[in-house]
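Have a look at the structure below before the remarks.
Just so it is clear, the model here is predicted, and its values are computed rather than measured. These values consider heavy atoms only, across backbone and side chains, with no hydrogens, waters or symmetry-generated copies. First listed ligand is number 1; within each ligand, the first listed atom is number 1. Numbers here simply count residues along the sequence, with the first being 1.
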Amino acid sequence: MAAYTNKTEQYLQRVTSDKEHWLASYGVGDTVPYSGIYKCLGCNKEITSNKGDPFPPQNKHQHTSDQGKVVWKLIIRTDTEGNKFA
Ligand SMILES: [Zn+2]
């Protein structure tokens, strides 16, 4: 789980959004829609990924048979433009 301290919490903002990128799941080799932290629901590992890059290929993110499918979910979107997503 991504972590922050009481000193770094000020740099995070809670948003309410039904936008596709918050709801969608991404698989091996899909294109990263927005830069941020993504969590794999199969193994709970988190990665930082940049917009436009592919999610890790099969040989870079492997699961045991009981971890099931690789499913990436956006959990923290980074403000790469510094404009609060305006
Ligand atoms: Zn995984």
Side-chain angles (χ1 to χ4, degrees):
M1 186 174 282
Y4 60 91
T5 69
N6 61 356
K7 289 197 170 95
T8 62
E9 183 179 10
Q10 65 184 304
Y11 304 117
L12 300 174
Q13 62 173 330
R14 182 184 300 271
V15 297
T16 302
S17 173
D18 288 333
K19 286 187 180 158
E20 175 69 12
H21 55 271
W22 287 111
L23 304 176
S25 298
Y26 304 95
V28 174
D30 284 350
T31 301
V32 175
Y34 288 99
S35 297
I37 300 173
Y38 289 79
K39 182 179 205 67
C40 176
L41 300 184
C43 67
N44 291 319
K45 286 185 182 168
E46 295 168 355
I47 57 170
T48 54
S49 290
N50 292 320
K51 181 180 180 177
D53 286 350
F55 283 100
Q58 202 90 56
N59 64 340
K60 298 278 184 182
H61 186 88
Q62 297 188 333
H63 280 182
T64 61
S65 55
D66 60 334
Q67 288 174 324
K69 214 173 146 189
V70 173
V71 178
W72 296 110
K73 293 283 286 185
L74 177 64
I75 60 168
I76 300 281
R77 184 177 169 191
T78 48
D79 183 7
T80 56
E81 302 292 325
N83 63 7
K84 297 182 180 172
F85 312 110

Anything protein N, O or S sitting under 2.8 Å from the Zn ion (ligand 1): count it and give me the total.
4
Determine the interplanar angle of the Phe55 and Tyr26 rings, folded into 0 to 90°, and report it as parallel if under 30°, tilted if 30 to 60°, perpendicular if over 60°.
parallel
Applying side-chain hydrogen bond (donor to acceptor under 3.5 Å, both in side chains), name anything that partners Asp53, two or more places apart in sequence or on another chain.
none
State whether the number of non-hydrogen atoms from other residues, nucleotides or ligands found under 6.0 Å of Gln58 atom CD is greater than 12.
no
Are Lys19 and Phe85 close enough that some pair of their side-chain heavy atoms sits under 4.5 Å apart?
no
For His61, the ring-ring contact (aromatic ring centres under 6.0 Å, His included) test, sequence neighbours excluded, returns His63, Trp72
Applying salt bridge (Lys or Arg N to Asp or Glu O under 4.0 Å) as the test, list every pair that has at least one member in residues 73-85; sequence neighbours left out.
none
